[in-house]
Amino acid sequence: AQSVTQLGSHVSVSEGALVLLRCNYSSSVPPYLFWYVQYPNQGLQLLLKYTTGATLVKGINGFEAEFKKSETSFHLTKPSAHMSDAAEYFCAVSVGGNNDMRFGAGTRLTVKP
Amino acid sequence: DTAVSQTPKYLVTQMGNDKSIKCEQNLGHDTMYWYKQDSKKFLKIMFSYNNKELIINETVPNRFSPKSPDKAHLNLHINSLELGDSAVYFCASRQGNSPLHFGNGTRLTVT
């Protein structure tokens, strides 16, 4: 079955600094990859997704991620952190024809003023 | 126009009780899910239904019983609640390989 690993349970950056949240996946077939954000006491909302095609995908709130098959990675980046980006971020993977979607353990992003 | 709605939002109950959480989606999706999020924020898939048919049943105690009366509804009934059942339960839906759409969660506290 497919799985994801998020490196770093907690990432802290200064406001205006680069955000890099790491995600590596494991899948025997081409994966569908997703990043979700969860603000306190809320559900998860989709940031961006990779299905097929362009490997650099852009999402909401200035986030983007690049699918690198050779590295089995799908890291999330944002050039300049904003205080409002502080939240929990989850990477997820599913495969075609399979309704199973698995999540990483999450990374808590803290943004310092 | 809520897409995935679950009730109740909060549920506080005592050990040994039986409780249910309801979920409805108005997106026309074929597949619905229940996920459990523990205190460390880890999201674990519990069940998935596709067009009312159970397709994913993880290693969940049989005290948990999902029921899908139609493809827009997926309810979760929990018997004999235990302290370890305290968590946030999320309902979600999707169509094919599209992203999951989540409800806002039900925070279950067992005392």
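So that the names make sense, note that chain A is the first sequence line, chain B the second, and so on, each numbered from 1.
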Tell me whether Y89(B) shares a hydrophobic cluster with M15(B), the cluster being built from Ile, Leu, Val, Met, Phe, Trp, Tyr side chains joined at under 4.5 Å. yes
For the residue pair F34(A) and R94(B), what are the closest heavy atoms and their distance? CZ-NH2, 4.1 Å
Quick check on the hydrophobic clustering: are V88(B) and L108(B) connected, directly or via other members, by side-chain heavy-atom contacts under 4.5 Å? no
Engaged part of L43(B) at the chain A interface, taking heavy atoms whose separation is under 4.5 Å: both
Considering only heavy atoms and a distance below 4.5 Å, find which of N41(A), D100(A), L44(A) pairs most often with chain B. L44(A)
Between L100(B) and Y36(A) the two heavy atoms that sit nearest each other are N-OH, 2.7 Å
Quick check on F103(A) against chain B: is it the side chain, the backbone, both or neither that has a heavy atom closer than 4.5 Å? both
Around K52(B), counting heavy atoms of other residues, nucleotides and ligands shown, do more than 12 lie under 6.0 Å from its NZ? no
Option that, when pairs with chain B are counted at under 4.5 Å, heavy atom only, ranks first among E88(A), K49(A), M101(A): M101(A)
For the hydrophobic clusters of this structure (ILVMFWY residues joined by side-chain heavy atoms under 4.5 Å, transitively), does one cluster hold both V4(A) and F67(A)? yes
Heavy-atom closest pair, residues G43(A) and N104(B): N-OD1, 4.0 Å
Under a 4.5 Å heavy-atom cut-off, does chain B meet the side chain of Q38(A), its backbone, both or neither? side chain
Can you confirm whether E53(B) is buried at CD, in the sense that more than 12 heavy atoms of other residues, nucleotides or ligands lie under 6.0 Å from that atom? no
Give a yes or no on whether K22(B) atom NZ has more than 12 heavy-atom contacts from other residues, nucleotides or ligands under 6.0 Å away. no
Side chain, backbone, both or neither: which part of K9(B) has a heavy atom under 4.5 Å from chain A? side chain
In the single-linkage hydrophobic clustering (I, L, V, M, F, W, Y; side-chain heavy atoms under 4.5 Å), do L18(A) and V11(A) co-cluster? no
